[in-house]
Amino acid sequence: MTSRPTSGVRSEPLPGGEEQAGSLIHARGLRKSYGDFEAVHGIDLDVQPGESFGFLGPNGAGKSSTMRMIAAVSPPSAGSLSILGLDPRTHGPQIRARLGVCPQEDTLDLELNIRDNLVVYASYFGIRKAEAGRRADELLDFVQLTDKAKAKVVDLSGGMKRRLTIARSLINDPDLLLLDEPTTGLDPQARHLLWDRLFRLKQQGKTLVVTTHYMDEAEQLCDRLVVMDGGDIVAQGSPLALIREHSTREVAELRFAVGEHAALAERVADLADRVEVLPDRLLLYTHDGEQTLARVHERGLQPVAVLVRRSTLEDVFLRLTGRTLVD
Amino acid sequence: MALVTASLVRAAAAPQTTGWEIVRRNFLVYRRDWLVFLTGFLEPVLYLFSIGVGVGRLVEGFDVNGHLVPYAAFVAPGMLAASAMNGAVLDATFGIFFKLRYDKVYEGVLATPMRTLDIARGELTWCLMRSAVYSLGFLLVMAAMGLVESWWAVLAWPATWLIGFAFGGAGMALTTFMKSWQDFEYIGLALVPMFLFSATFFPVTAFDGWLRWLVEATPLYRGVALVRELTTGAVTADSLVSVLYLLVMGAIGVLVASRRFDKLLLS
C-alpha cells in the first residue's frame with residue numbers, strides 16, 4: 001500500500017450518485033436560484049469527451065444559467081457539479097483555464113483592435129506574447145478575419161463579431177467549448193459560415209456544448225441534446241431519437257384563414273395521430289403526410305396553403321411543452 | 001479515471017494570474033491613444049500657470065506651519081495633489097464603468113483563469129501608475145519653475161502615490177454602484193468643490209468652525225496638506241495623520257470594489 005502524493009486537489013468521487021467514467025461535465029440535482037426565483041430546478045447531466053451536446057429551449061428555459069454554472073462563473077445554488085473532474089466552487093481558475101467560452105452577448109474589448117483582442121485575451125491565460133501572436137494569426141485565418149486584423153471591433157458586422165468571439169474562445173486550445181446561442185441574431189449566410197467552422201472543430205474532436213433555440217442549429221451541431229423548459233430537462237437523446245420518440249415521421253401543415261384554425265381542428269382530428277393548433281396553421285402529425293392531405297381534401301376542406309414535411313425538433317418541443325421555440 | 005488524473009495534472013499547471021495582465025491591456029489601449037492620456041495631465045498645469053503664477057503677482061504668499069511661502073509655491077503642491085487625484089480618478093471611474101457596464105469586458109476576462117481580485121488589483125495598479133506619471137511630470141514642472149522649497153520634496157512623489165491609491169480605490173468602489181452615465185454627475189459634484197476648496201488656492205484658515213472641520217476631513221485636503229508639508233519643508237507629526245487617512249481610504253475602496261465585482265460579475 002503506497003500513499004499517493006496529495007496535490008491539494010480533491011480526487012475522491014463526487015457525492016450525489018453514479019459518476020460515468022470520464023465525464024467532462026457531471027451534474028446531479030443541479031440548481032440555480034436568484035433571490036426567490038429558481039432558474040434551474042435540479043437537473044442531471046453527463047457530457048462525454050468528444051461529444052457535441054446541446055441545450056435546446058426557449059428564452060427563459062434556464063439554458064444560460066446552466067451554461068454560466070458550467071463556465072465556473074456562477075456558483076451552483078444546490079446539487080453537485082464537476083467540470084473536467086474539478087469542482088467549480090473551489091477550482092474556478094483551473095477549470096476556466098481549459099474552457100473556451102462564447103457568451104450569448106459579445107464581450108469583445110472595444111478599445112482594442114481585432115488582433116489585439118486575441119493577443120490580450122491570450123495573456124489572461126498566461127500565454128506568452130510570441131506564442132499568443134502565432135495563435136492569434138492562426139485563429140484569424142480559421143475564422144476568415146485575417147484582412148481585418150487591424151480593424152476596430154465596432155467596424156465589424158454581427159457575424160464577424162461572433163467569428164472573432166469564436167476565435168477568442170479557442171485561444172487557449174480548450175478541452176471544452178461552451179457556445180451560448182452562437183448564431184442568434186445572424187443572417188442565414190453568416191450562420192452557415194459559423195456552423196461550418198463549428199463543424200470543423202467538432203471533427204477535430206473538440207467537445208462542444210451549445211445552447212440554442214433554433215432547432216435547425218441543434219440538428220446540425222448536436223450528437224445529443226436535452227430539451228429544457230422552465231428550468232427543467234423535459235427530454236433528452238439524439239435529435240433523431242427525440243423525433244422518433246416524441247413525434248411522427250411526417251407533418252402536414254394546413255393554413256386556413258386567420259381565426260378558423262381552432263374550429264377546423266376538430267374536423268380533421270381523426271385524420272392524424274395528433275393535431276396542434278397554432279395561430280396561423282394546423283399541424284397534423286401523421287406517418288404519411290401526402291395521404292393525410294388527400295383525405296383532408298376529400299372532406300371538402302380547402303386550405304389556403306399546405307406543406308408536407310419531416311418532423312423536426314421544433315415538433316418535439318411543441319409536443320413536450322405545448323409551445324413553439326421561437327416566439 | 002485516466003481522464004480525471006490527467007485533469008489533475010493539468011490543473012496544477014493552471015496559470016497564476018496577478019492582475020498585471022490588466023495593466024498591460026490598459027497600456028496597449030493608451031499607447032494607441034496617448035493624447036487622451038496627456039489631456040488629464042494638462043489641467044492642473046494650466047491652473048498652476050493661471051492662478052499660481054498669474055494671481056501670484058497680486059498675492060504675497062501664505063504661512064505654512066510657520067514658514068512664509070510665496071503664492072505660486074503655495075498653489076503648486078495643491079495642483080500636484082490634484083494631478084495625482086485626476087490621474088487615478090479618470091480610469092477608476094469612467095474607464096471601469098465602460099468595461100463593467102458598457103462593453104462588458106470584465107465578463108470576458110472572467111471566462112479565463114483571471115479572478116475578480118485580479119481585475120481590482122490590476123485596475124488599481126494602472127490607476128496608480130497613471131497617477132504617478134502625472135505627479136512626476138508635475139513635480140518636474142514645479143522644480144523647473146523653482147517652486148520646490150525643500151529636500152523633503154523628494155518624498156512628495158511617493159506621497160502622491162498615496163493620493164492615487166486613495167482616489168483610485170474609492171473611485172473604483174463608487175463606480176461599481178453606478179448604473180448610468182448620468183450618475184457621473186455626482187462624481188463631478190464631489191470633485192469640483194474639493195478641487196476648489198481643499199486649501200488648494202488659499203489656506204484652510206479661511207474657514208471657521210464646522211466648515212473648516214469639513215474641509216480638513218476631505219481626502220483631497222489630506223493629500224494637499226501632506227504634499228505641501230513636504231514641498232515646503234514644513235513636515236510635522238500631523239503629516240502622519242494624512243498618510244494614515246489616505247491608506248485606509250484606499251484599502252476600504254479596494255475591499256468594497258472587489259466584493260462588488262464578485263456580486264455583479266459572479267452571480
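Since the model is a prediction, treat every value here as computed from it, not as a measurement. Numbers restart at 1 for each chain; the letters A, B, ... are given by sequence-line order, proteins then strands.
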For the backbone of [Y] and the side chain of [X], can you confirm whether one donor and one acceptor N or O come within less than 3.5 Å of each other?
| X | Y | answer |
| --- | --- | --- |
| A:Ser123 | B:Glu21 | no |
| A:Arg96 | B:Met114 | yes |
| A:Tyr121 | B:Gly108 | yes |

Would you compute the distance between atom [atom1] of [X] and atom [atom2] of [Y] and round it to the nearest 0.5 angstrom?
| X | Y | atom1 | atom2 | value |
| --- | --- | --- | --- | --- |
| A:Lys129 | B:Arg24 | NZ | CZ | 8.5 Å |
| B:Asp103 | A:Glu111 | CG | CD | 6.5 Å |
| A:Tyr124 | B:Asp118 | OH | CG | 11.0 Å |

query: What pair of heavy atoms forms the shortest contact from A:Pro93 to B:Pro113, and how long is it?
result: CB-O, 3.5 Å

statement: All heavy atoms of A:Ser74 vs all of B:Ser267, minimum pair found to be OG-O, 2.9 Å

Should the heavy atoms of other residues, nucleotides or ligands under 6.0 Å from [atom1] of [X] be counted, would the total exceed 12?
| X | atom1 | value |
| --- | --- | --- |
| A:Lys148 | NZ | no |
| B:Tyr186 | OH | no |
| B:Phe184 | CZ | yes |
| B:Arg259 | CZ | no |
| B:Trp20 | CH2 | no |
| B:Tyr106 | OH | yes |

message: Is the shortest side-chain heavy-atom distance between B:Tyr102 and A:Leu110 below 4.5 Å?
response: yes

query: Who among B:Arg115, B:Lys104, B:Glu107 has the most heavy-atom pairs with chain A under 4.5 Å?
result: B:Lys104

Max heavy-atom pair count under 4.5 Å with chain B, selected residue of A:Leu178, A:Asp109, A:Ile95, A:Val120: A:Asp109

query: With respect to chain B, which residue among A:Leu112, A:Leu99, A:Val119 yields the maximal number of heavy-atom pairs within a distance under 4.5 Å?
result: A:Leu112

Select one option (side chain, backbone, both, neither) describing which atoms of [X] are under 4.5 Å from chain B's heavy atoms.
| X | answer |
| --- | --- |
| A:Asn113 | side chain |
| A:Val101 | side chain |
| A:Ile171 | neither |

